[in-house]
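In what follows, chains carry the letters A, B, and so on, assigned in the order in which the sequence lines appear, proteins first and then strands, with residues in each chain numbered from 1. Heavy-atom basis, side chains included; hydrogens, waters and symmetry copies ignored. Predicted model only: the values in this text are computed from it and were never measured.
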Amino acid sequence: MAYNFNKIEKAWQKKWQDDKIFSVSIDTQKPKFYVLDMFPYPSGAGLHVGHPLGYIASDIYSRYKRLKGFNVLHPMGYDAFGLPAEQYAIQTGQHPAKTTDKNISRYREQMDQLGFSFDWDREVRTCDPKYYHWTQWMFLELFEHWFNKNNNKAESISNLILILEKEGNKNLKAACNPKTPQVGAEEWNSMEENQRLEFLQNYRLAYQDETFVNWCPKLGTVLANDEVKDGLSVRGGHPVEQKKMKQWLLRVSAYAQRLLDGLEKIEWSDSIKEIQRNWIGRSEGATVHFSIKDRKEKLEIFTTRPDTLFGVSFMVLAPEHEWIGLITTDAQKDEVENYILQTKKKTERDRISDVKNVSGAFTGAFCIHPFTGEEIPVWIGDYVLGGYGTGAIMAVPGHDQRDYDFAKNFNLPIREVVEGGNLAEEAFEAKDGVLVNSDFLNGLRVPEAIKKMNQELEGGKKGEPRINFRLRDAIFSRQRYWGEPIPIYYKDDAPYPLPKDKLPLELPPVDSYLPTEDGEAPLGRAKDWNFKTGEPYELTTMPGFAGSSAYYLRYMDPHNKNDLVSKEANQYWENVDLYVGGSEHAVGHLIYSRFFNKFLFDIGKVCKDEPFKKLINQGMIQGRSNFVYRKKGTNSFVSHGKVKDHEVTTLHVDVNIVQNDQLDLEAFKSWREEFKNAEFILEDDGTYLCGNAVEKMSKSLFNVVNPDLIVKDYGADTLRLYEMFLGPIEQSKPWNTSGIEGVSRFLHKVWRFCFEEDDSLSLNDEKATAAELKILHTAIKKVEEAIETFALNVGVSSLMICLNDLTKEKAKKKCLIKPFLILLSSFAPHISEEIWARLGETESVCKAEFPKWEKSFLVENTYTYPISINGKKKFLKEISLDLQKEDIEKVALEDEKLQSLLEGKTVRKVIVVPKKIVNIVI
RNA sequence: GGCUUUGUGGCGGAAUGGUAGACGCGCUUGAUUCAAAAUCAAGUAUCUUCGGGUGUGAGGGUUCAAGUCCCUCCGAAGCCACCA
């Protein structure tokens, strides 16, 4: 009987589930290994062939690690809060929990048929109150902590209160709101409770503040910076504008330096590390204080080039800068107000696309240069950003291109203070050159000049060295329904944390999922939703990243009712050894997770300060779309080769009715009602050829390949092998079903190798020969190396080569097949398990031991080495090189074949690399 | 503009500095078959006077030896970006 994959796969999946073969528990006798996939958001569309790529890779690795004797934690769950379910709810009135449940069952079904080795007893869902209990708990912990810069650690707020009671905040080094006022102990002690609560918001790691936020009118909510790209929302692509609102935020910026330093200790790809470094955006420089003429305030600016201070010819404030109203002279008032109005109208997107157009306005005010006493005009311009640094800059047009463009446009002076550029053409930005026209800096090179200036600034109290980060605090409020409620209630308009024994604060039912009439978040519709009468709950909910930031911890101890994770479980499982997921989470999830983990580390909840030791980013499997060309204004369709003769519109066509770019005409006619009477202009050979392109796999482009169909036609094992065989895991590549025949053939060959036509075993008990052992051990070594280095495509190839070689040797021996099946079992578990059982094994192949390869079988100590004779390279094979340098020279010269070649010639040079290569030059 | 990655047959892709193109797809030929599918076998970079020569985006360099390391240029992908 032939290889009946459908029957075999169903049977083993059931058996694995019934026997709970992949459920794990703490076992201190075994080393642990934690393999995690980024859990999916269960969308209504189900899985396409691209989704399982990462899951297959991590599953192969998990199975391999089990064979190697590790106690492997390999869980799966669902990131179940999110916009699509809520939007569906708005349209249909169906509760998002219902939609989500339905989608989850579908996901589970699709995953189950691929034979993954997940421990489903540990499943988590972020929308489950038993789970978000702990998301809310973490929020409260953040609320009750502040960041002490003296030891770079989070500390409890009660600690901070003790300090404030004793000496106020004058000696405090903390991550806080830059506008925090200075208070003394007396002042603090005399504050009312409400005032104190408000004051502490400046320090809390979860705090409330009125800030400019990314407001998306279309989605009706606020978005975090990583949810916005080029002025459009990442989800949906709707325009985003800046709006001032009161919001909950997380003080992620407090951890900027530690998030940066931590990157050195983890095995992530250079590109992801680089993206995170960019996002954190550390820049070293200095702040400089400029007095304002005729006023007592001092304008503080940030610069990375304090050495160019003598080149300042004007100042520029961001249009949002709070002092603009204060300092603008009456004469300039109209112009300035007009300009501010204009910039407000521009969305972020316009501002970006408008980079080339320089704009600004003069305030009429002047600053005093801290060293020369010169009067410097103060301008405003939208090339200065309100949110970065101090929202104000000193402009050095000679050595900064943006300042240069501004100066040229408004005819402001340009001064040279570093030699080497051509200021008639452009600014000289290189940090390399000698200072001129700069008083005490003259003659110094740039790096020394920076040092010297920093000393002068500090000494004269005119400024100080400063490190700035681009990383912003994360906005944590969403005006939505389908998310975790924020566990805060209000008394006299002041926010209070919900007592922890009242958690979880469950989502209340509402009659509609839209905002209320007076513009409040949907939770404003909940009836009688108060902590106590007159003490309403916070109405915004948490963003998507809240539930996904620490889910890896919950898997360690998913049913714990008293704690996020027990000490015991955390100390055993520590952190994730291998994390597999897409690179699109480089700045969102992967930064927030690291932030949460570092905080939990500070408060002693977890034992490792990085969550994910090693990260693999699987590439995307793209779709291959097909097009048909409709002749304009008609219902006739032109084949690809004839398109140039007609005026056509291009339409996507379902790839499932196209084979090798050839359209199935009948299927096309019945695909859509409107194509029922379609006519065709065909190629000369009578076929209709479609156009094609590689695009994202998406329902709307009709290029989705459903894994269910592949499993039905070829089996899960074939799909698993093929997805790995497609190419390097980290690379994006288009799906192409035609190559799948190859791996399918391989599995059929494995089956035929073991069984006769009548299904009887065709393997014997003979001992293996040396040649056969070499084949086997080569495969063991290669497969092991391939899995360890995640070159899974090479791993599949090695298995194929092994089978081909064994077939050629006619080595139908049990002692060879058994280790081969263990190697195969990580990739194609079902077929391996079936043959393993038919060989009489009673224990699952998953519990077997990964075979060890032995050097002696690989004839490692012989090597092919090249000899150059008269400039031509020759190779001699199989000469023992397991020798010392001198011996190799001797052997090389004593070798018979060599001697015949060398006869009558003079050896000029012998080059020897021990145990490797010998090259003899004649 | 900056950073990161990348460039190898018709295609997907292999090659610890050591015989480039493993493995698979596709294609060609043959066996089997009434025929087809499936299967099996052989071949498949390129030029060649059949000795061999040339080939990993282009050009240099290091080395006995370069797809691999270094420099310059060209192309592709991704990320960041009026961040002072």
Side-chain angles (χ1 to χ4, degrees), chain A residues 2 229-230 269-279 281-283 285-286 301-306 308 316 318 351-352 354-359 381-385 387-396 399-403 405-406 429 468-472 583-584 586-587 617 619 660 721-722 725-728 730-746 748-749 752 782 785-786 791 793-804 807 863-868 871-877 908-913 916-922:
Chain A
K229 203 174 172 249
D230 297 336
S269 72
D270 288 338
S271 64
I272 295 279
K273 284 188 185 183
E274 196 57 31
I275 291 171
Q276 293 220 340
R277 276 188 208 110
N278 282 343
W279 191 257
R282 179 188 154 107
S283 67
I301 60 99
F302 174 74
T303 177
T304 53
R305 293 293 302 274
T308 61
V316 187
R351 229 163 125 162
I352 290 163
D354 227 20
V355 166
K356 289 282 167 301
N357 288 333
V358 181
S359 69
D382 68 0
Y383 82 97
V384 176
L385 305 176
Y388 184 75
T390 60
I393 61 153
M394 64 176 200
V396 184
H399 305 282
D400 181 292
Q401 191 57 45
R402 291 153 304 169
D403 297 345
D405 296 340
F406 196 87
E429 292 184 312
N468 238 332
F469 292 96
R470 202 182 77 97
L471 184 69
R472 280 310 116 73
S583 56
E584 67 272 18
V587 288
N617 294 116
N660 293 328
L721 277 172
Y722 185 55
F725 188 72
L726 268 177
E730 307 211 62
Q731 224 162 77
S732 287
K733 55 235 154 193
W735 176 264
N736 180 359
T737 308
S738 65
I740 202 168
E741 301 284 352
V743 288
S744 171
R745 263 173 220 155
F746 164 65
H748 279 94
K749 277 186 214 166
R752 281 200 309 272
K782 279 193 174 166
E785 276 172 7
N793 53 335
V794 182
V796 178
S797 297
S798 306
L799 289 165
M800 289 180 175
I801 294 167
C802 180
L803 185 76
N804 281 349
T807 308
Y863 204 91
T864 305
Y865 65 88
I867 317 163
S868 314
K872 287 182 183 164
K873 205 165 33 167
K874 305 260 180 196
F875 286 83
L876 295 181
K877 290 190 177 173
R908 289 210 309 256
K909 200 165 158 195
V910 180
I911 294 138
V912 178
V913 183
K916 234 185 158 183
I917 298 301
V918 180
N919 195 350
I920 302 169
V921 183
I922 305 176

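Rounded to whole Å, atom P of B:A14 lies 15 Å from atom CD of A:Glu785. Per the geometry, CZ belonging to A:Arg282 stands 13 Å off P belonging to B:A84, to the nearest Å. We find that CD of A:Glu741 is positioned 13 Å from P of B:A37, with the value rounded to whole Å. Rounded to whole angstrom, the span from the CZ atom of A:Phe746 across to the P atom of B:G24 amounts to 10 Å. We find that CG of A:Leu721 is positioned 13 Å from P of B:C25, with the value rounded to whole Å. Note: CG (A:Leu799) to P (B:G24) measures 12 Å, nearest angstrom. We find that CG of A:Leu726 is positioned 11 Å from C1' of B:G24, with the value rounded to whole Å. Between the CG atom of A:Asp405 and the P atom of B:A81 there is a distance of 20 Å, given to the nearest Å.
Base-pair partner of B:U46: B:G53 (Watson-Crick or G-U wobble, both distances under 3.5 Å). Across all strands shown, the partner of B:C40 is B:G30, judged by Watson-Crick or G-U wobble contacts whose two distances both fall under 3.5 Å. In this structure B:U19 sits in no base pair that meets the Watson-Crick or G-U test at under 3.5 Å. B:U72 is paired with B:A58 under the criterion used here, namely a Watson-Crick or G-U wobble arrangement in which both key atom distances are under 3.5 Å. Pairing for B:U4 is with B:A77, a Watson-Crick or G-U wobble pair whose two hydrogen-bonding atom distances lie under 3.5 Å.
Comparing B:G75 with B:C82, their C1' atoms are spaced 29 Å from each other, to the whole Å. One P atom belongs to B:U6, the other to B:C69, and the distance between them is 9 Å to the nearest Å. Annotation: B:A22 and B:A15 have their P atoms spaced 12 Å apart (nearest Å). When the P atom is used for both B:C11 and B:G61, the distance is 31 Å, rounded to whole Å. Between B:A66 and B:A81, the distance separating the two C1' atoms is 37 Å to the nearest Å. Here the separation of B:C70 from B:C83, taken at their P atoms, is 31 Å to the nearest Å. Spacing of P atoms, B:A42 relative to B:C23, comes out at 12 Å, to the nearest Å. If you take atom P in B:A45 and the same atom in B:U63, they sit 34 Å apart, rounded to whole Å.
When the side-chain nitrogen and oxygen atoms of A:Arg745 are compared with OP1 and OP2 of B:C25, one or more of them lie within a distance under 4.0 Å. OP1 or OP2 of B:C40 has at least one side-chain nitrogen or oxygen of A:Arg752 nearer than 4.0 Å. When the side-chain nitrogen and oxygen atoms of A:Arg470 are compared with OP1 and OP2 of B:A81, one or more of them lie within a distance under 4.0 Å. Taking side-chain N and O atoms only, A:Tyr388 has a distance below 4.0 Å to OP1 or OP2 of B:A84. Residue A:Asn793 has a polar side-chain atom (N or O) positioned under 4.0 Å from OP1 or OP2 of B:A14.
The two residues A:Ala395 and A:Tyr383 come nearest to each other via the heavy atoms CB-OH, 4.4 Å. Nearest heavy atoms, A:Pro728 versus A:Asn793: N-ND2, 3.6 Å. In terms of heavy-atom proximity, A:Phe302 sits nearest to A:Gly389 at CB-CA, 4.4 Å. When all heavy atoms of A:Val316 and A:Gly381 are compared, the pair lying nearest together is CG1-N, 3.5 Å. Closest approach of A:Glu429 to A:Arg305, counting heavy atoms only: O-NH1, 3.4 Å.
The shortest distance between side-chain heavy atoms of A:Tyr722 and A:Trp735 falls below 4.5 Å. In this structure, the side chains of A:Asp400 and A:Thr308 stay at 4.5 Å or more apart for every pair of heavy atoms.
When heavy atoms are screened at a 4.0 angstrom cut-off, A:Pro728 is found touching the sugar-phosphate backbone but no base atom. When heavy atoms are screened at a 4.0 angstrom cut-off, A:Asp403 is found touching no nucleic acid atom at all. Across all strands, A:Lys749 comes closer than 4.0 Å only to sugar-phosphate atoms, never to a base (heavy-atom distances).
Nucleotide B:G21 carries an anti base; the chi torsion (O4'-C1'-N9-C4 or O4'-C1'-N1-C2) is more than 90° from 0. With a glycosidic angle further than 90° from 0, B:G17 counts as anti.
Salt-bridge formation is not detected for the pair A:Glu785/A:Lys782: no Lys NZ or Arg NE/NH1/NH2 atom is positioned less than 4.0 Å from an Asp or Glu carboxylate oxygen.
Where A:Val796 and A:Arg305 each meet RNA chain B at their nearest nucleotide, the meeting point lying more 5' is that of A:Val796. Ranked by how close their nearest RNA chain B nucleotide is to the 5' end, A:Ala791 and A:Ile801 are led by A:Ala791.
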Using atom names, set out every protein N or O paired with an N or O of nucleotides 1-9 of chain B below 3.5 Å, distance rounded to 0.1 Å.
unit_1: B:C3; atom_1: O2'; unit_2: A:Glu274; atom_2: OE2; d: 3.0

Next item on the list: Take A:Val743 and A:Met800, measure what side chain to side chain contact (heavy atoms under 4.5 Å, CB included) needs, and give me the verdict at the end.
Entry: CA-CA 9 Å; A:Val743 288; A:Met800 289 180 175; 3.3 Å; yes

